[in-house]
Structures are given as C-alpha cells and as structure tokens.
Amino acid sequence: MNTLIFRTIAPLIVAVMVVFSIFITLRGHNEPGGGFIGGLIAAAALAILSIATSVQQARRSLHIHPLVFAGFGVFMAGVSGMVSMAAHAPFLTGLWLELELGEAHVALSTPLFFDLGVYLAVFGALGAVILGLETDGEID
Amino acid sequence: MNEAMITTPTSWADWILILPVVLPLMGAALMLALRAIRGTQAPVAFLVTLAVLVFDIALFLRVLETGPIAMTMGRWLPPFGISFTADLLGAGLAAISALVTLVILVVLGAEPRRHAGRDSLYPLVLMLLCGVSGAFLTGDLFNLYVWFEVMLIASFGLMAITGTPLVLDGTIKYGFINFLATSLFLAALGLAYGLLGTLNMADMAILAGDANPAAMGVIAALLLLAFGIKAAAFPVNAWLPASYHTPPAVISALMGALLTKVGVYALLRTLITMFPDARALLDPVIVTAAIATLLLSPLGAIAETNLRRAIGFLVMGGIGACLAGLALPSVDGLAGTSFYLGHAMVTMTALYLLAGFVEKVTGETDSRAMGGVYGAQSWLSILFFVVMLAAAGVPPFLGFWPKLMLVEAGFDLSGFFDGAPGYEAVPLLLVGAIILNAWLTLIAGTRLWAHIFLRPGREGALSEQPNDRLVRLGRREALIGLGSTGLLVGGIVIAGLLPDFAIGAARIAATDLLDPARYLAAVGLGGGQ
Amino acid sequence: MLALVPATIFVYLLGLIGVVADGEPVRIAFAWIPSLGLDLSFFIDGLALTFALTISGVGTFILIYAGSYLKGHPHLGRFLAYLLAFMGAMLGLVLADNMLALFGFWELTSITSFLLISFDHRRQAARRAAIQALVITNLGGLALLLGAIATQRLLGHWDLSAIRAAGGTLGESSVYLLVLWLFLAAAFSKSAQFPLHFWLPNAMEAPTPVSAFLHSATMVQAGVYLLARMTPILGETPAWTGILCTVGGVTLLWGAFAALRQTDIKLMLAQTTIASLGLLVFLIGIGSETALIAMVVYFIAHAAYKAALFMIAGIIDHETGTRDLTALGGLRDKLPLTFIATILAAISMIGLPPTLGYFSKEEMYLALFGGQWQGILGLAVLILGNALLAAAALIIAIRPFMGRLGVTPKTPHEAPLAMVVGPLALGVGAVLFGFFTPWFDEMVLSPTSSAIAGMAIAAHLHTGIDPLNPILWLSLLTWALGGLAYWKWDQLRTGLRRAAAAPGLSFDHGFDVFMFGLIRMAGALTRLWHHGRLELYMLVIFVLLALALILPVLGLSGLPAWPELPALHFHEAVVVVLALAGLVSVLFARTRLFAILALGAQGLAVALIFMLFGAPDLSFTQLMVEILSVVILALVMTRLNLDVRDSRSLEEAIRDGAVALLCGVGFVMVLLVVLGQPFNGRLSEFFTRYSTEIAHGRNIVNVILVDFRGLDTLGEMSVIMVAGIAILALLRSQVRKPLDPTPVRRRSPRKSAAKSVAGDVAPKAKAAPKARAGAQTPRRRTRKAGPETGGAGA
Amino acid sequence: MDVAIALLVGAFMTLGIFLMLSRSVIRMLLGLALLGNGINLLIFVSGRLSREAPPIVPPGAYVPEGAIANPLPQALILTAIVIGFAMFAYLLILGMRAYQSLDADHTDTMRLAEPEDGPRPPLSY
Amino acid sequence: MSGGEILAYSTTFALVVLGIALLLVLVRLILGPTLADRILALDTLTTVALGFIGAIALRTGYFLYLDIAVSLALVGFLATVAFARYLLKKAEAEAVSTGTGAGVGQ
C-alpha cells in the first residue's frame, strides 16, 4: 500500500487512534469502553501502521516485542489482584486510593491497573499476531 | 457494606485456594515480559510448579481437615462474586495435576535437544496448568468456561508447537472439535443463566430443583455432550486418537494426563452435584456411552500399531471407567470415579513418558518397527510393564482399587446379591463392561509389550534378528528423565499397595459430590434454603 | 544362596505343623484398607500349610537347580528375581485369608508366570505361550474377583476364616450357580482344566526350572487349592459334584491320552500334569472324606515326583541337547544319579508301594468303590487315567536310560550336583513318606483334609497289603494296563496322533483363531469409528446435539408456547434482515473475499443488534473484533489460494442441512421455553445497586468485568496472551519448512521465503555432520523428523 | 422482539453448523464464527432484552433511573467475544499452516494422523 | 407539537431512511458484480451504520453512543484498507504467476 496519501495520513491516524484508545480505556469505568476496546483499537492502529509503512517499521516503532506488552499486562493485572493480600481481602478486591494533587482529584485504584493490564494484554497479543502474520512470526 | 460484601478479613493462609491459578498465570506472564532472559524459563517453570504443588497439597490437607472451603473474589457476597470453592475432589485433582506437570517439566529439562518453539513451551505449560487448576477449583460456571478456554488455547499451542504436517493435521481435528465443545458449553451456560439467573455453581444447585424440567433437561444434555467431547466419551471421542500421538511425547503426556480428566471432573461437578434430577433423565445415555467407551477403547488399543496412538485408546478406556461411575451414582461408584481420575492422570503421564523413551530408543513411532527394548533397556521395560499393568487394573497396582469400587458399586446398586428377588440389570451390565475392559486392556498391553519389548527385532522376516537400530539414552536423560519417571511409577506402586488414604479421600469426595450440603455451606449458601 | 530364602520359610513353616495339627490355625492380620474393611490377613490351617510347605520345599530345590541350570546366562539375576517373586506370590496366595488379597496374589502369580514363560523372549513361541497363559488365567482371575465380591456381598465377610467360622454356605442361595461358575472359571483356567487346558503345554516354552515349579507343583495347583478352599462354602451340592467330576474326569483322560502322544519329555510331563490336575479336581468334586484324603496325598505325591521329573527332563535336555524320547537312550551309565532319581520319582508316579503315590491311589479307589453307576464310571475313568499315567512314567523312566546310547547333539555327562540334588531329594522323600504314615496321618493329612471339608476328619492310611482287599486288585489292574500301554506305546502313539489330527482343529489353534479374530474385529471397529474424516466426526456431534436439544423439550413439555413479547420496530427488523442476508451470503459466497465481506456484514448487524438493545460496550467490542477479524482474514487470505465453494454432493448437503436445521430449531425451541419462564435478575440487580456505591464505577458492564467478575477477565486476557504465544509459535514453525527432507510442494511467492532459505541452509550444512557424529548440539531452526516430532514428514 | 432474536439465533446456529459440516477448513472456520455469534446472541436473549437503555449510571446518581438493560449477560458476552476471537484467530492461522503444509484446505487431504488405509494390526505375538 | 415529539418523529424517519439505505447497500453487497463493488458496499454499510448509531443516540438521549460512532469512524476504514491491500497482493501474485497484469475483480 505504497500510496502517498495513505503513507502520509496513516501516522496521523495512528497517533489519534492510540490516544483515543488510551482515553477509552481510562474512562471505561464510567462510560462505554475499557481495556478490551482500548486494546483492540490500539491493535487496529498497529495494523494500519504496518499496512501503511511496513512491518519492520511498525515493529521498530514499538521498540519492545509486542508479546512483552502482553506478558506485562497480564502480570500487572495479576499484581493488582494480589495487592489485596496486604489488605487481608480476597484476590482481586478493588482498593481505592484518592489522591488530591493540588486542584486535580485523581482516583488510583486496583481496577484501574487491572483494566490497563487488559489493555496491554489485548494490544500486545493481537499486535504480535498481526505483525507475525506478515513475517512468519519472526518479529524479534 | 454488610449486605454486599464479606467483611471478615481473609487470612493469608486462605490464599492457597487461588495461588495455584495465579502463580502459573503470573509466572507465564513474567516469562513473556522478561523474554530477553532466556535461560531462566525452565527453572522458573519448575519453581512455579513446585510452589503450586506445595500449595495444592496444603489445600488438599486443609480441605481434608475442615471440609470444602471457598474464597469469593473481590469480597463480594456469594453468589454475586466469583467463588473459588475447593472440595476434596477438586483439590486432590489439582494437586495431582501439579505433580504430573512437575515430573513432565523435569523430563523435559533432561532432554538433550530442545524442542522447537522453545520460547513458547514453558509459558504454555504453565498456562495449561493454570487453566487446569482453575477448572478444578472454581465454583462458578462461567468461570469454569473461562478456565476451559485457557486450558484449550494452551493445549492448542502445545500441540502444534513443532508445526510438522502431522501435528497440524492432528491439531486441526483436536482444535475444531474441542472448540466446538466449549462453544456448546457456553450455549448451555447461557441457557442455564437465562433459566436460573445465576452463575455460582452452589447457587445453581439450589435453584435447579425448582426450574423447568424440560429446559434443565436440555441444559444437562448439552453439558453432557460438551464435557463428553472434552472427556473423550464414545461416540464423540474421535479427536483424541486423531491428535494425541502427533506432538512430542512429553506434550502427549501432559495432555493425556490433564485434559480429558478435566472433562470428567466437569461432568461430575455439573451432573452429580448441580443437576442430579436432570442427570437421572440422561442415565440411559450415560450408561450406553460408558459401556461403549469401555469396550471399544481397548479394542482400539489392540488394533493400533502406532504406540502413542494405542496409548490414546487406553486413555479413553479409563474415561469409560469414569463414565461408569457417573452412571453408578452411589458413594462407592463416585469414589471409584474420583480415585480413577487421579490414578489415570498419573498412570497415563507415566505411560506416555515411557512411550517417549521407547520412541527415542527405537527411533520409531510404530510398534511394528520396534523391538528388542527388553534386552537393551531393562529399567525402561520393567517400568513400562508395571505401568501397563496399573492401567489394566491388575492388582495390586493402583488401577485395581477404583475398578474394585466401581464393581462393588455396580453390585450394590443392582441389588443382585442382596438376596431380594428383584434387581436392576443395568449396573450389572456396567460391571461386565468394566471387567471385559480390564481383560481387553491387558490383551492390548501384552501385545504392545510383546511386540515392542520382547520381540528382538522389527515386524516381518527379521523379527527374530536383534534390532540394530536401538540407541542408548543419553546419560543425563536416562538418569534424570527416566529416573523421575521411575519415581512416579514407584509412587504408583506404593500407592497401589497402600491405597487406604486415597480410598478414604475418594469416599469423602464422593460423599460431598452426592450431598452438596457441605459444599454449599462453604460458599455461604444453602443455609435456610 | 538365594535358595536359603525358601529354605528358611520351609523350616519356619515346618515349626508350625504341630500347632496346626492341634487344631489351632494361626491367623495373622494387619490393618490394610480400613476404609474398605479390608485386612491383610493370613490364615494358616492344615490346607494352607500343606500347600505352603510344598511350595517352599520344592522352591528350595528349584532355586538350587535354577542357579546351575542357567549358569552364565546374562539374565540369570532377572530370572531368579522373577522366580522368587513368584514364590512370594504363591505363598501369599495359599496363606491369604482375605479373598481380595487372595485375588491379588492370584493375579501376581499370573504376571510372574507371564514373565517367566516369556523369559526366552527371542522366540515367538515363547511370547505366544506367555500371552496365552496370561490371557486365559487373567480372565479366570477376573471371574474370581467377581465371585469374591459376590461372596462378600452374600455372606458378609472378606475373610474366608470368618465365613467358615460363621458356617456360611452358598448352597441354598438363589444365585449359587452363578457364583459357583465364577469360582470354577477361575479354578479351571488356572489349573488348566478342559477346555482351558491348552495353555499349559505351551507354557513349557519356559526354562525347565519354571516348568518344574510353576507348571507342575505350584501355580497350576492354585486352582485346586481354590476349589479345596471353597469346598465348605460352595461344595457338597449336586452341581458341584457333577461339574467337578465331569470336568476333572474329562481332563484326566484327555491329558493322559495326550501325554502318550508326545515324544518330547517336557511335553509329555506337561500333559500328565494336566491329567493329574483333572484327577485332583475330580477328587475334590467327589468330596467324601476318603476322596479328600486321597486328594491331599496325591497332591503331595504329585508335587514331589512331578517336580523331580521335570528337573530330570531339564537335566537330560541340558546334558544331551535334546528332549526327544525317540532319540534318547542308554543314559543309565552316563547319568547314574539322575537315573536313580528318575526311578524313585517314577515309582511314585506309577503308584507302587510304599510310595505316597500308592497310598493316594488306594484311597481314591476306596472312595469310589461300591457306589452307584456314577461311582463305577468314575472308577473306570480313574483306573484308565492312572494306567495311562503309569505308562507315561514307565516311558520316561526307561526310554532315555535303557537300551543303546542314543545319538544326541551333546555328549552326555552327569549333571552338576546342584541340579541332581533336587530330583534325588524329592524322589527319596516321595518314597520315605510311606514309612512314616502315622506321623503323616496325624500331622498333615488330618488337618489338611479337615480344613478342606470344614469338619474334623481323622485320616488313616491303610498301610497293610491285604490280598483280600479288592482295592489292591484294582491297583494291579491299573499297573497291568499301564504296562500294556507302555509295551504298545509306539502303536498307541501313532494312533493317538492320527486321532488328534483328525478334526483338523485343536484348542490351541482355536486360541489363535480367537485372538486373530479379536484383532481383526478390533481393527475393523476402530477403522469404522476412527476413520480420520473430520466432517463425519462433527456430524456425529451435531446429530447428538440435535437430539440433546429436541428430545428433552418434546419429551417433557411438548412444543413451547409462543411467548407474548413486544414486536420489532422497523429499524430493528432491518438490522435482523441485514444479519440474515449476511448469513446467507456467507453460505453462498463463491469467492473468498465475498465470504469475508459477508462475514463482516453479519458481524456489523450483530453489533447493531447489541446496540439497539442497550449494550453499547458489546456493540463496541463486536465492531472492533469484527473489523480485526476481517483484517486478519484478509491478511491470511493473501497467502492462500483457497476455494470456499461447497464441495459436497447434493445428498450430503441435504443430510448436513437437515441436521443443521434440526439443531437450529432445537435452539429456538429451548430458547422459547427459557423465555417463557420468569427471569431471576437478582445478580444484575445487585450489580446495578452497588456498582457506583462500592465499586466506584458508573459503567456497570465494565465494573462487572474488572471488579465483580474480575477473575473471568483475568482468565480471558490470559487466553488472549496465550493465543498470541501460540500463534507466533505456529507461524514461526513454518520458517523451518524449506529445510524439510521432503521437497517443498508449494511456496508462497514472497521474498522472505527465499531469504529464509538462504539464511538457514548454512547452519544446517554445518550442523549435519555434527549430528551424525553423535554430538547432541541443540540446533535452532533445523527440524529433524526424529521420534520426538512424532516421526512427522515421513 | 425476544422471539425474533431467538429465531435469528436459530438461523445463526443452522447456518453455522451447516458450514461447519462442509469439508473445507476455511468454510468450517466461517461456520465457527457464525456459531459463536449465534451463541453470543443466545446468551443475550437468555438474559432478556430491553430496548435502548444501556446499563450505565448517570453521573451524580447512585443507581440508574428506570429500567436498564441486563448488564451481566453483556459482560459475559464481552468475555466470550474476545475469547472466541482469540480462538478464531488461532484456528484460522492453524488452517493456513495446514494448507501450506498439506497443500489443501480440504479435510480429505488431512489424513496424516489417521491414514486412510491405515496399517492393519499385525497378527503375531 | 413539542420539541421532543419533533425529535422523536425525525429520528424515526431517519431510522427508516437509514434502514432502507442499509437494505440498498445490502443489495449491492450481494449482487456485486465485482469485488470492488462489494468492498465499497461494506464500506458504505459502515458509514450507514454510523448514521444509524447517531440517530439512535439522538432518539434515546444517550450520547455515549456517539463515542462508538466516533471510534467506528476512526477504525472502520481499516477493513477497507485491508481488502484493498488484499486485492493489490492478489493482482501482484497473479502478475507474477501469469506474467500479465490482471485487473482488479474476479
């Protein structure tokens, strides 16, 4: 797909999609969205990037092997469930930490990290599949 | 808060219920996240599995002491949160899964050549263990579905890891049929939710009695079909002999040990504990399937020349025995099934592992081309012989006891030897099938033994000439790989000689299966309902 | 050295003789499986003790003999280990009180026998014999198991001593015949009774010590032991007597005639063993006091002389290299000690006074003398059988040793002392016993026959030779007949051979027919069910699915009612039509791309349905998944040249369509049933109620996903992660493809394929010689179609 | 409307199963996808339908005003969709690899694991 | 007629029209005749669905549906891109195998 228009536009779209995916993930707790959808959008962005430029380029722009994202995401979700051990609560108990940073009111919670983990897992695994399909899996 | 959440604090000791699932999950995730450091995978996998085994055993002992225990995730009151519930059956099977995985990891580690797909192998093994543990310990039907899928995708990955044409063929059959099975499970689950409005197994067990019998019948029939496929019950067992012999032997061992057994476990859990009324409707089907599986599987093993494919048929024969227990729902029958499940896990692992060594020694997969192992590898031969006898249920090896319990259950349920005039014929049919199965299995086993071990050379004119293609196992492999398998077999022998503990535990497990009061109480439901 | 083990046991058991003879059986029990109410209990009464003494006594000599017989054999240690294991199992069998323990030992003897018969595993005949013996005895063993369980159910105890103490008997039970046949099947298979006798001659493939020990003196006697043991519980009924006498008598004659047909010493001995076993069964069947006494005496006598004769056969074989009676002769001077032993054993076998064999014959004739026509018939059978056995004994004692020296493969020398001492001692013992009859009566015979009969029997052997006693004349008749048979042996043998060959079918051959038939049937059935055609596997599943969906509904509630629910709006209907159109287009798509497009359209419609019914998150996810599916499909399809058209014939399509339609209808029906039921929405109400308050999230679906049911999500994301791993592994495996030994048939036209060939050939070329040199270098991408890959590619 | 969707479920199942019974792997995969969608819809209908009221609590409120769609089946289906997608992707790529290795996507050609004319068991000991 | 009613009528009208559009696109999707037609039909289907979602958002007052419309707009073209790429690759492959530049279509 070496058309000029697509190659020029694609990075822009990809950037928008990535930002949008993070946005969707973060607000998922209150509005439609969440880690799954965010991750899927991010993976779609990666697909567009790889089609518009090349797999190698898309892989380079990630810096890290996509499966590392996936592993890290699952690990993060697991950790966010384990935190409740310290609180003498069962696995995956939601713990909330309300931070007042000056004007901003930030709510940090284990479900948030869990959702971020989902995002990373979905993005990583699907990204790996999409890139791998073009290169026989050799995407190191 | 009180009406929504459990307020009693969870002690750290309670975490043994969830750690067998979380540890391998996080271990696998960590392996991926740190994939740059390659040499660590094998030791990490070993340590994680060892930890899981320790936790599983602790869990088992605790359940033995206090009865079933539960942990509801996120502190939400059951049935609203997901309750992990361990009764003796689940905990015991989880412990055995961890044990066989550990042995398999050791054997894998001792192999001189690394398998293809080395980066994925250990994470996949851990994820398989994770899925299996989850399936054994969860107390929520949808959650069970999720663990089934975890297990399934991990087994896909493992099975196709070498990517040879043979493996691909096997995996296609395995993959399509098994994914279809989980899809049917999902459909049954959806219907059950629509009917009962709940997903917690204990809660479902309570509500199922008053639900529409026709719909419950469909749900139970769907579950029987779905888990029957998973468990490789006749006539939906074709995927097993089509696929289990294709991957490397260690992977066959892992699958043969774990996957079908989870299917049987799910059958027990759903049809015995949760929907006993609907199961009664399905009895004729279960009996037919059990008898057919019992009789046809060893015939397959007799007919098959590919060694590991023949073992696949033996795996299915064991499933027939388990199904027989499902059709004999007394304490003895279910205890027999529970015991048999544990026995089959260990025995089939050992059998596949030994078959792997045999294939290495002979360089062949077809028993017709093998021969002369008895002369060259005494230890391997004796181990194989013992395991074969254990699989056939010859006393005093381990397989005998569960079969004995099943036969006794059949006699008791038939009432034939009570002295009373009337009796039920069906349990006697099952008893007959179990006995014939033992005999046919022995025939199959001795044939394999005679062809592979006793006969000096390969099939045909040269069969009386020594086999000159035999290779010696590497030192490390013989010592560690065969040694650990030998330890496993030693365990089988000792457990067969002193089965009291296992029988007692199986009895308790069966009692809890039949009368779920303690199970319900552990979840926090059932009181006053 | 190992012989010390049985010797010690023998001496120990000998010490118990006095205690047992005083009517105080010894019982030892360990708690074994309390949860099944099982004790590992041993019970030593006269019967058990007699058998145990025989086993350990003969075992001692056998072990001495075996060490010498197989001297220098590479697997001597293995052999002795099996032999000892067998002896342990056999002792356990006769001493066990618990029926399950008895069954366990019973099976162990079968297994050790399998290992011993197949000891010379290089010959197919040995393997066949081993399998045959195991298959037959195992079937009997399973019958024993069933019988034992049935007995326990009926009489309430696992322990035989407890059953006997309670006076339990099954004679009046309504299922007596069934249980009887179960036990008989076990005993007959183990003791080689007609028509299950044929495995025993084949078992002579085993080395001679094994034949001497297992297949004459001990293991085959297990069936006799079982019958004796069960006499108080099962015996003394017309069926018992009738069956046992018939089978025993037929076996006696069959074995005796078959013995005279042989020219191989071992085979002749094996056939006489069958005959003797028949005789023992016959005597148990009669069950009178004298018959039981005769049986005990005969058992002891037989064990001694038969083991001795087998060992002698082994010596002859060992020293001359042949066992053919027609080739042997004149060994008297070469093997003097062996000759003496042979004469002693043969005297006992013929039943000349004062050997034990004589006494047993006297007793058995006495038992039948003066009866009804059955008694006379039995007597005739016994006389004929004994006469033929005597002839066989004469043949074995005279042919190899007298006459001219035969031409044999090896020059005969006297065997080493270790081999001769056994037969000599046993032969002397068989004779000596005759001089200690009072002690023998009191210490062995009475307790043993009492134990069998279940009541006190005072045995007394008639030692005097009284010409007026008609029994003596019967004995004389027997000897005369035996002498005649010996004299006419050559003619007799030819005649018998012709008779045996006449039907063209033997039991032994029948076993092959059965086994091969079983194997062929197994092959056919397996090919029928496991044909390897995926679509048929699936078809079976879907047929079952249709039944599972439809039958319960039709059977339990009839056709479901059409629930009263609001109708669709126009735009909703349009979406449904879109979905249907997408579906049908997938079905009829003629090209790949169109199929994918139709799949996308159908997915879009599903997403819209989710949206219309208030599920934005679902709709969102469905859309994304559908798009990504289409992308992946398109990526895959660029590499393939697939045909998506249906290749089914019309009939197949109709068949599949009917099944599919039934499934679809079934799903609709069960859904209607479910929809007709009231809905229990308490889970959702709970989630709705607490989503914001406790879980701090306004999107209830998301809160369910990450909090209420977070564990599902954890599992789900791990599915995704594993799918990533698995797919990458799968894709990576194909890079190795060009290195297959088989030529590549199809290669995608992309450049990377060519690159990977160039990159990989070099390491392979380097690695190959190394691998051939045996170095186990882990090679990275090269795949070898070795055993671990399942021999793929071959 | 529940009934209409129930009928649609039936249509999905029928066509999905019909496609799964064809011998081409790619068609079977399409069938599997349809079957998956059908099952998702089945769960959706089982949890009862309601129109256009997403299960989202308005800002500032504790509980939603009025009736909302049943959220639990949605969460379940969401999980099932994603799992189904993972499986679909795996099987698709498996089919592709099988096609490359076995040279066709027809189940008739997939007879390596269970050869068409498999060896007869030897009649020996 | 109040504002609410006007909105209700107009959204119903919009849904009907969009529904008819959907059906028309469907016809194009099924009839083809070329692959390009069908790809464009699917693309248009996505666009019409966008409108559909918007109309529903207006009708129900749940503006969160618009987010979905936004993301659909963002991602929806990906399928079209993938198809386009597929066609290109296929044409390339055919050109390689037959030596002639095959056209797009079937």
Side-chain angles (χ1 to χ4, degrees), chain B residues 4 25 73-74 80 82 112-114 117 120 123 127 143 146 149-150 153-154 156-157 160-164 166 173 191 194-195 197 212-215 217-218 221-222 225 235-236 238 241 246 248 299-300 302-303 359-360 363 365 394-396 411 417 435 439 442 446 450 454 456 500 503-504, chain C residues 33 35 104 107 118 121-122 127 131 134-135 138-139 142 149-150 153-154 519 522-523 525-526 530 534 537 540-541 544 548-549 552-553 556-557 670 673-674 677 680-681 683 686 690 694 707-709 711-712 715-716 718-719 722-723 725-726 729-730 733 776 778 787-793:
Chain B
L25 182 82
M73 303 306 139
F80 306 109
I82 293 178
R113 263 181 307 151
R114 301 277 219 91
S120 352
M127 286 312 293
N143 201 237
V146 171
E149 295 285 20
V150 171
I153 187 82
F156 284 175
I161 206 158
T162 54
T164 60
L166 179 75
K173 284 166 188 163
L191 291 172
L195 195 67
N212 178 300
V218 173
L222 279 178
L225 179 60
V236 287
T246 56
L299 286 181
I302 289 175
E359 288 180 359
K360 275 189 191 143
T365 56
V394 173
F411 276 4
F417 291 106
I435 292 291
W439 189 57
L442 193 73
T446 46
L454 294 181
D500 187 52
I503 292 177
Chain C
I33 310 174
S35 43
E107 293 288 72
S118 65
H121 56 90
R122 285 184 177 74
R127 300 194 295 269
I131 289 180
L134 186 63
V135 163
N138 180 258
L139 193 59
L142 291 169
I149 298 175
R153 287 292 115 106
L154 291 164
I519 293 165
L525 275 177
T526 307
H530 302 281
L534 182 55
Y537 293 160
V540 171
I541 294 175
L544 290 175
L549 288 167
V553 174
L556 291 173
S557 74
V670 67
V673 172
V674 169
Q677 303 290 315
N680 178 351
L683 257 61
F686 179 92
Y690 294 106
I694 299 180
D707 197 332
F708 289 114
R709 298 186 64 85
L711 198 57
D712 285 345
E716 176 196 358
S718 46
V719 170
V722 179
I725 306 174
L730 195 58
S733 68
Q776 304 278 16
E788 63 174 346
T789 54

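None of these values were measured; they are calculated from a predicted model.
Options C:R122, C:E716, C:H121 differ in how many heavy-atom pairs under 4.5 Å they form with chain B, and the most are formed by C:H121. Each of B:A221, B:P456, B:G217 has some count of heavy-atom pairs under 4.5 Å with chain C, and the biggest count is that of B:P456. Most heavy-atom pairs under 4.5 Å with chain B: of the set C:A150, C:G681, C:A723, this distinction falls to C:A150. The most heavy-atom pairs under 4.5 Å with chain C, out of B:V394, B:N212, B:V150, come from B:N212. Contacts with chain C were tallied for B:L222, B:L454, B:L299; B:L454 has the most, counting heavy-atom pairs under 4.5 Å. Contact count against chain C (heavy-atom pairs under 4.5 Å) is highest for B:A238 among B:A238, B:G194, B:G74.
The parts of C:S35 that come within reach of chain B are both its backbone and its side chain, each placing non-hydrogen atoms under 4.5 angstrom from that chain. Only the side chain of C:I131 comes within less than 4.5 Å of a heavy atom of chain B; its backbone N, CA, C and O stay farther away. With a 4.5 Å cut-off on non-hydrogen atoms, C:L544 touches chain B through its backbone and its side chain both.
Residues B:A303 and C:T526 share a closest heavy-atom pair of CB-OG1, 3.6 Å. Nearest heavy-atom pair, C:V540 versus B:P235, reported as atom, atom and distance to 0.1 Å: CG1-O, 3.8 Å. Closest approach of B:I82 to C:L711, counting heavy atoms only: CD1-CB, 3.8 Å. Smallest separation of non-hydrogen atoms from B:G157 and C:A726: CA-CB, 3.5 Å. Between B:L195 and C:Q677, the shortest heavy-atom distance links the atoms CD1-CG, 3.6 Å.
Between the B:W439 side chain and the C:V135 main chain, a donor and an acceptor come within less than 3.5 Å of each other.
Legend: residues meeting side-chain contact (heavy atoms from CB on, under 4.5 Å) with B:P213, ordered by chain and number and at least two apart, are C:L556. Applying the salt bridge (Lys or Arg N to Asp or Glu O under 4.0 Å) test to C:R153 and every residue at least two apart in sequence or in another chain returns B:E408, B:D412.
One finds the CG atom of C:D712 at 11.0 Å from the CE atom of B:M73 (value rounded to the nearest 0.5 Å). Taking CG of B:L225 as the reference point, atom CD1 of C:I541 lies at 7.0 Å (rounded to 0.5 Å).
Only one option out of B:L25, B:V146, B:I153 pairs with C:S718 in a side-chain contact (heavy atoms from CB on, under 4.5 Å); it is B:L25.
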